[in-house]
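A short worksheet on the structure shown next.
Values below: every heavy atom of this structure, side chains too, minus hydrogens, waters and symmetry copies. If you're wondering where the values come from, they're calculated on a predicted model, not measured in any experiment. When a residue number appears, it is its place in the shown sequence, counting from 1.
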Amino acid sequence: MTKDEILKICKEEKVRFIRLQFTDILGINKAVEIPESQFSKALDGSVIFDGSAIKGFFRIEESDMRLLPDPNTFRIFPAEQMERGLVGRIICDVRHPDGSSFEGCPRSCFKKVLEESRRMGYSFQAGLEVEFFIFNQDSNGAATVDTRDSAGYFDLAPVDKGEEARRDMVNLLEAMGLSISAAHHEVRRGNMKLISR
């Protein structure tokens with residue numbers, strides 16, 4: 001995708017905000033959300049943030065960092081169709097103010113490793129398995145530690161109470177362009193898994 005294609009999609013779909021996402025040195029997702037009026041500036045890599053506030057980045061004396069969006073990672077969050085407007089996201093590399101690569105950016109480091117592996121004749125393939133629990137809520141809507149079912153590995157309804165929730169998750173993830181190969185109940189009570197390969 002190009003900057004102009006993203007801007008066109010945002011206008012057609014009435015996207016109101018874009019989250020510029022990046023990862024800190026510990027692998028925690030971080031983001032700054034920008035309004036529509038700043039989309040063009042942000043897609044040019046002109047968003048500056050205080051790197052001293054992010055774990056593993058810089059000291060206060062050298063804190064300015066730049067977010068460089070990867071246009072091919074742009075997606076619109078289908079679940080966030082609210083009256084405040086649609087929200088998109090784009091994954092960014094962290095750069096120094098002069099645009100050079102920041103050595104502490106996990107995404108940039110991973111790209112270097114992939115390129116080095118490719119030169120050595122290797123190809124990288126990854127799959128994702130997300131395992132989680134679904135819990136009941138109390139009468140006030142707060143989470144409890146009580147699971148929703150007593151099902152086990154690959155069980156079906158009526159003992160598996162997570163089927164509809166898993167289907168909703170798969171539909172949303174596929175709407176964002178992710179490929180989900182399977183979803184099922186896991187071994188423990190209330191334990192679910194989504195697989196992308």
Quick one: are [X] and [Y] in side-chain contact, heavy atoms under 4.5 Å?
X: Phe17; Y: Phe77; result: no
X: Arg75; Y: Leu178; result: no
X: Leu173; Y: Leu194; result: yes
X: Val87; Y: Ile76; result: no
X: Gln21; Y: Cys92; result: no
X: Leu20; Y: Glu33; result: no
X: Arg95; Y: Leu68; result: yes
X: Ile180; Y: Ile195; result: no

Next item on the list: Using the test ring-ring contact (aromatic ring centres under 6.0 Å, His included), find all partners of Phe154 that sit at least two apart in sequence or belong to another chain.
Entry: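 Phe154 satisfies ring-ring contact (aromatic ring centres under 6.0 Å, His included) with His184 only.
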Item checked: Shortest non-hydrogen contact between Gly45 and Pro69, atoms and distance -> CA-CD, 3.9 Å
Item checked: Atom of Ala175, atom of Pro78 and distance for their closest heavy-atom approach -> CB-CG, 3.8 Å
Item checked: SB check Glu115 Arg119 (cutoff 4.0 Å) -> yes
Check: Ion pair present between Asp44 and Lys3, side-chain N to carboxylate O less than 4.0 angstrom?
Finding: yes
Any donor-acceptor pair under 3.5 Å from [X] side chain to [Y] backbone:
X: Thr144; Y: Asn136; value: yes
X: Ser117; Y: Val113; value: yes
X: Thr23; Y: Pro106; value: no
X: Glu5; Y: Thr2; value: yes
X: Asp155; Y: Gly152; value: yes

When rounded to the nearest 0.5 angstrom, what is the spacing between [atom1] in [X] and [atom2] in [Y]?
X: Met192; Y: Ile134; atom1: CE; atom2: CD1; answer: 4.0 Å
X: Ile48; Y: Leu67; atom1: CD1; atom2: CG; answer: 8.0 Å
X: Glu36; Y: Leu7; atom1: CD; atom2: CG; answer: 9.5 Å
X: Cys10; Y: Phe74; atom1: SG; atom2: CZ; answer: 3.5 Å
X: Ser123; Y: Gln125; atom1: OG; atom2: CD; answer: 5.0 Å
X: Lys161; Y: Glu163; atom1: NZ; atom2: CD; answer: 10.0 Å

According to a 4.5 Å side-chain heavy-atom criterion applied to Ile, Leu, Val, Met, Phe, Trp and Tyr, with indirect links allowed, do [X] and [Y] form part of one hydrophobic cluster?
X: Met1; Y: Val47; answer: yes
X: Leu172; Y: Met169; answer: no
X: Val32; Y: Ile91; answer: no
X: Val130; Y: Phe133; answer: no

Margin query: Is it the case that the ring center of Phe22 lies less than 6.0 angstrom away from the ring center of Phe102?
Written below: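 Distance test on ring centres: not under 6.0 Å, no.
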Check salt bridge (charged side-chain N to carboxylate O under 4.0 Å, His left out) between [X] and all other residues, then give those that pass, not counting sequence neighbours.
X: Asp146; result: none
X: Asp160; result: Arg166
X: Asp70; result: Arg107

Notebook entry, point to check: Are Glu131 and Arg188 close enough, and set up right, to give a salt bridge (charged side-chain N to carboxylate O under 4.0 Å, His left out), and what steps lead you there?
Noted result: CA-CA 11 Å; Glu131 191 169 331; Arg188 293 175 297 279; 3.3 Å; yes
Margin query: Under the ring-ring contact (aromatic ring centres under 6.0 Å, His included) definition, can you give me all pairs with a residue in residues 27-46, not counting sequence neighbours?
Written below: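 Listed once each, the pairs would be none.
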Next item on the list: Could you give me the CA-CA distance, side-chain angles and deciding distance for Ser101 and Asp93, then say whether side chain to side chain contact (heavy atoms under 4.5 Å, CB included) is met?
Entry: CA-CA 8 Å; Ser101 185; Asp93 291 320; over 6 Å; no
Next item on the list: Starting from the C-alpha separation in whole Å, work towards a yes-or-no answer on salt bridge (charged side-chain N to carboxylate O under 4.0 Å, His left out) for Asp98 and Arg66.
Entry: CA-CA 8 Å; Asp98 66 4; Arg66 182 182 301 274; over 6 Å; no
Notebook entry, point to check: What's the verdict on side chain to side chain contact (heavy atoms under 4.5 Å, CB included) for His185 and Asp149, showing C-alpha distance, side-chain angles and the deciding distance?
Noted result: CA-CA 10 Å; His185 201 287; Asp149 63 44; 3.0 Å; yes
Next item on the list: Not counting sequence neighbours, which residues clear side-chain hydrogen bond (donor to acceptor under 3.5 Å, both in side chains) with Glu186? List them please.
Entry: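 Glu186: side-chain hydrogen bond (donor to acceptor under 3.5 Å, both in side chains) contacts with Lys193.
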Notebook entry, point to check: What do you reckon, is NZ of Lys111 surrounded by more than 12 foreign heavy atoms closer than 6.0 Å?
Noted result: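 Counting neighbours around NZ of Lys111, more than 12 heavy atoms of other residues, nucleotides or ligands fall under 6.0 Å, so yes.
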Next item on the list: List the steps, then state whether side chain to side chain contact (heavy atoms under 4.5 Å, CB included) holds for Leu43 with Ile90.
Entry: CA-CA 9 Å; Leu43 292 170; Ile90 194 163; 3.8 Å; yes
Note to self: Side chains of His96 and Asp64: any donor to acceptor distance under 3.5 Å?
What the structure shows: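 No.
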